[in-house]
Amino acid sequence: MSQFSARPFSERTALWLQQSGLHPLLARLFAARGVDSPEDLPLDLKRLLSPTELKNCISTAALLADIFENNEPILVVADYDCDGATACAVALRGLKMLGGPEIPVQFLVPNRFTMGYGLTPEVVELAAQQIPKPRYLITVDNGIASVAGVDRARELGMEVIVTDHHLPGDTLPKASALVNPNQPGCSFPSKALAGVGVIFYLLVALRAELRKRGKFTSENQPKIENLLDLVALGTVADVAQLDRNNRILVANGLKRIRAGISQAGMQALFQVANRDPRKANTFDLGFAVGPRLNAAGRLADMTLGIRLLLSDTQEEAYELAHELDRINRERRVIETGMQETALAHLQEDQIAGSIEGRNSICLWHSEWHQGVVGIVASRLKERFNRPAIVFAPADGATGEELRGSGRSITGFHLRDALDIVSKREPGLILKFGGHAMAAGLSIRQADFEKFDTLFQAVSKELLNDELLERKHIHDGTLSAADFTPEIGDLLAEEIWGQGFPQPIFYGEFEIGQQSLMKEKHLRLQLRPVGNGALDSKPLTGVWFNRTQTLPAKAKLAYRIATDRYQGQARVQLMIEAHDEDIA
């Protein structure tokens with residue numbers, strides 16, 4: 001079952017925003033997304049929440065300043081996804097900017113296939129072998145659950161500073177410092193900071209501390225804001241909730257990319273993705289640039305991606321970016337094969353009638369790739385509107401271990417659901433962690449059916465028919481006068497994403513010529529009906545991954561975009577849904 005409805009908004013608020021100078025269409029869209037007053041519109045940096053509100057941020061900055069003064073070796077321990085890679089690059093670049101190029105700081109990113117996630121004791125053992133041996137480990141985008149790893153580090157004479165944004169477990173690690181907006185007792189108003197956002201905040205606090213100690217003045221201090229292109233990429237690619245604070249970070253990062261003053265690695269990623277950085281938007285970061293960086297951690301070693309983000313020469317950056325692009329193409333081939341196998345399994349379930357009776361999906365296959373299970377889980381979640389967890393054999397693990405990645409739907413907190421399973425059957429889940437919408441875990445292969453049964457039972461308890469109903473939310477209709485390249489550009493410039501969704505409109509259209517592109521995408525000629533459309537010109541519409549044609553007249557949900565070809569700008573509608581498909 002599905003539901004099709006308009007996103008509600010206050011006309012009074014929309015009028016207020018419009019009277020402040022905002023475009024009438026944006027005023028309506030922003031009002032529907034919780035922007036309550038004109039004061040909430042500006043996204044300049046001075047409106048960022050203060051680091052003083054982030055628990056332990058100021059005291060940790062003072063600790064880092066002491067480490068600088070003692071010239072003690074530092075090792076940054078990163079995660080192997082896009083958020084972790086950008087956080088690592090921000091940490092290294094920022095620490096060098098503030099402490100000087102001679103500061104002894106290195107980085108280490110675990111191999112996801114042999115060491116798993118986070119600061120494990122095995123990663124700590126490897127860290128202790130670095131030359132020079134680090135005195136301090138700084139985790140970025142991980143560490144909040146690394147109780148054993150932090151203990152092992154202390155045994156080996158190293159202290160740990162944890163910077164993370166993931167939800168904590170029942171026990172916190174005994175770190176020298178812990179900066180995480182989601183830790184107990186933290187009153188920071190934005191719980192949605194990505195890992196890269198947390199380390200950026202710590203660097204801002206460190207700069208203030210060094211200023212207080214007389215190392216800089218406000219006039220000659222390093223420009224930490226030069227790293228905001230990386231902060232924007234990590235935040236969007238990690239699908240962090242775009243509350244106002246995150247929108248400020250992303251907006252200012254995109255401003256740097258559009259102005260041509262981003263990192264060499266960022267420019268190279270835009271080039272290999274065939275995207276124009278002058279018109280960079282959140283879609284580019286989430287669906288073109290981010291996946292290419294993520295590919296390194298999925299199939300190879302994220303060290304490659306971090307090297308790209310740390311590169312200062314265009315020649316080296318382009319060479320590394322082309323290698324990432326090659327790996328990403330390989331990832332797509334693997335993903336397609338895994339998805340086809342997964343759908344074949346589920347098709348068998350559908351024939352038996354069992355998929356409709358399930359509130360969750362759990363699958364594994366002996367030949368699936370550990371680095372791609374998260375993407376396949378996301379595809380299954382989108383297709384069936386159910387929480388999905390996909391497992392693959394863990395490389396290098398003993399006892400036939402499976403490592404899984406899950407994606408969830410609104411209303412079902414995935415990490416909390418795994419916690420319930422873990423408490424009901426202690427030892428079943430070897431380890432787990434994550435967020436409401438995404439999580440990772442490990443189980444024994446022999447326990448897969450037991451886990452599936454328990455997870456399905458929890459999903460039955462926590463999900464009802466209303467939550468399982470697919471919801472198509474739209475932003476109302478557009479008049480014929482709104483179908484212009486200018487409107488497409490206006491929307492493309494704004495900061496859309498998780499929690500501040502890209503606008504989807506709804507309307508009735510006469511359907512003209514229909515054809516297939518690349519045998520899998522439907523191309524349409526459309527003419528709007530009503531709203532002053534009598535004399536309107538035909539529009540081009542594209543519906544990706546649909547081959548079934550439409551009737552002569554249809555009600556469609558769509559995004560509006562501007563397509564540029566040979567110097568000409570034209571409107572293009574990106575079709576999302578058809579009312580008969582959801583009846």
Problem set entry | Residue among Q502, R559, R33 satisfying side chain to side chain donor-acceptor pair (under 3.5 Å) with D475 | R33
For this session: Drop me the distance from L178's CG to S59's OG, to the nearest 0.5 angstrom.
Result: 10.5 Å
Exercise. Quick one: are I144 and L167 in side-chain contact, heavy atoms under 4.5 Å?
Worked result: no
Exercise. Closest heavy-atom contact between L17 and V35?
Worked result: CD1-O, 3.8 Å
For this session: Measure the shortest side-chain to side-chain distance between F216 and L98 over non-hydrogen atoms and say whether it is less than 4.5 angstrom.
Result: yes
Problem set entry | Check: D164 side chain, N180 main-chain N or O, donor-acceptor pair, under 3.5 Å | no
Exercise. Do I511 and P551 touch side chain to side chain, with heavy atoms closer than 4.5 Å?
Worked result: no
For this session: Please check if the side chain of T562 supplies one atom and the backbone of V571 the other of a donor-acceptor pair under 3.5 Å.
Result: no
For this session: For residues L346 and L380, determine if any side-chain heavy atom of one lies less than 4.5 Å from a side-chain heavy atom of the other.
Result: yes
For this session: Measure the CG-CG distance between L462 and D416 for me, rounded to the nearest 0.5 Å.
Result: 9.0 Å
Exercise. Is a side-chain N or O of N245 found less than 3.5 angstrom from the main chain of L49, in a donor-acceptor match?
Worked result: yes
Problem set entry | Test item: L242 and T235 side chains (from C-beta on) under 4.5 Å apart, heavy atoms | yes
For this session: Answer yes or no: is there a donor N or O on one side and an acceptor on the other, between the side chain of R256 and the main chain of N252, under 3.5 Å?
Result: no
For this session: For the pair Q456 and S360, evaluate side-chain contact (heavy atoms from CB on, under 4.5 Å) and give the outcome as yes or no after the intermediate values.
Result: CA-CA 6 Å; Q456 169 66 4; S360 61; 2.9 Å; yes
Seminar exercise, completed: Note: A85 and L293 closest approach over all heavy atoms is CB-CD2, 4.3 Å
Exercise. So, the side chain of H23 versus the backbone of L25: is there a donor-acceptor pair under 3.5 Å, distance only?
Worked result: yes
Problem set entry | Inter-residue atom distance F188.CZ - K55.NZ, 0.5 Å rounding | 14.5 Å
Problem set entry | Spacing of D276 atom CG and R278 atom CZ [to the nearest 0.5 Å] | 4.0 Å
For this session: Give a yes or no answer on whether the side chain of R275 reaches the backbone of V289 with a donor-acceptor pair at less than 3.5 Å.
Result: no
Exercise. Taking it one step at a time, do F500 and T282 satisfy side-chain contact (heavy atoms from CB on, under 4.5 Å)?
Worked result: CA-CA 11 Å; F500 205 86; T282 49; over 6 Å; no
Problem set entry | D243 versus S190, side-chain donor and acceptor atoms under 3.5 Å | yes
For this session: Inspect the surroundings of CG in N274 and state if more than 12 heavy atoms from other residues, nucleotides or ligands are less than 6.0 Å away.
Result: no
For this session: Evaluate the salt bridge (Lys or Arg N to Asp or Glu O under 4.0 Å) criterion for residues K255 and D44: first the C-alpha distance (whole Å), next the side-chain angles of each, then the deciding distance (0.1 Å), finally the verdict.
Result: CA-CA 11 Å; K255 188 183 299 183; D44 44 292; over 6 Å; no
Problem set entry | D284/R258 salt bridge by N-O under 4.0 Å criterion | no
Exercise. Would you say K471's side chain and S5's backbone share a donor-acceptor pair under 3.5 angstrom?
Worked result: no
Seminar exercise, completed: Note: Q267 and G260 closest approach over all heavy atoms is NE2-O, 3.9 Å
Seminar exercise, completed: Taking every heavy atom of C186 against every heavy atom of E53, the minimum-distance pair comes out as SG-O, 4.4 Å
For this session: Give a yes or no answer on whether the side chain of S262 reaches the backbone of I257 with a donor-acceptor pair at less than 3.5 Å.
Result: no
Exercise. Is any NZ, NE, NH1 or NH2 atom of the basic residue among R207 and E225 found under 4.0 Å from an Asp or Glu carboxylate oxygen of the other?
Worked result: yes
With a cut-off of 3.5 Å and sequence neighbours excluded, list every side-chain donor-acceptor pair involving residues 492-499.
residue	atom	partner	partner atom	Å
W496	NE1	L491	O	2.7

For this session: Report the distance from atom OG of S378 to atom CD of E335, rounding to the nearest 0.5 Å.
Result: 9.0 Å
Problem set entry | H166 versus N182, side-chain donor and acceptor atoms under 3.5 Å | no
For this session: Over 60° means perpendicular and under 30° means parallel, so classify the ring planes of Y558 and F505, tilted if in between.
Result: tilted
Exercise. Can you say whether the rings of W543 and H578 are parallel (under 30°), tilted (30 to 60°) or perpendicular (over 60°)?
Worked result: perpendicular
Problem set entry | Mutual orientation of the aromatic rings belonging to H474 and Y506 [parallel < 30°, tilted 30-60°, perpendicular > 60°] | parallel
Problem set entry | Under 3.5 Å donor-acceptor, N56 side chain and V179 backbone | no
For this session: Decide yes or no on side-chain contact (heavy atoms from CB on, under 4.5 Å) for R244 and L43, but give the supporting numbers first.
Result: CA-CA 8 Å; R244 190 185 182 201; L43 298 178; 4.3 Å; yes
For this session: Apply side-chain contact (heavy atoms from CB on, under 4.5 Å) to L526 and I575, showing your working.
Result: CA-CA 11 Å; L526 306 168; I575 313 302; 4.1 Å; yes
Exercise. Is there a donor-acceptor pair closer than 3.5 Å between any side-chain N or O of Q525 and the backbone N or O of E510?
Worked result: no
Problem set entry | Minimum heavy-atom distance A91-V140, with the two atoms named | CB-CG1, 4.2 Å
For this session: Quick one: closest heavy-atom pair of S405 and V373, and the distance?
Result: CB-CG2, 3.7 Å
Problem set entry | Neighbour count above 12 (heavy atom, 6.0 Å) for R383 CZ | no
Problem set entry | Lys/Arg N to Asp/Glu carboxylate O, D40 vs R247, below 4.0 Å | no
Exercise. So, K212 and E209, do they make that salt bridge, N to O below 4.0 Å?
Worked result: yes
Exercise. What's the spacing between E469 CD and L467 CG if we round to 0.5 Å?
Worked result: 10.0 Å
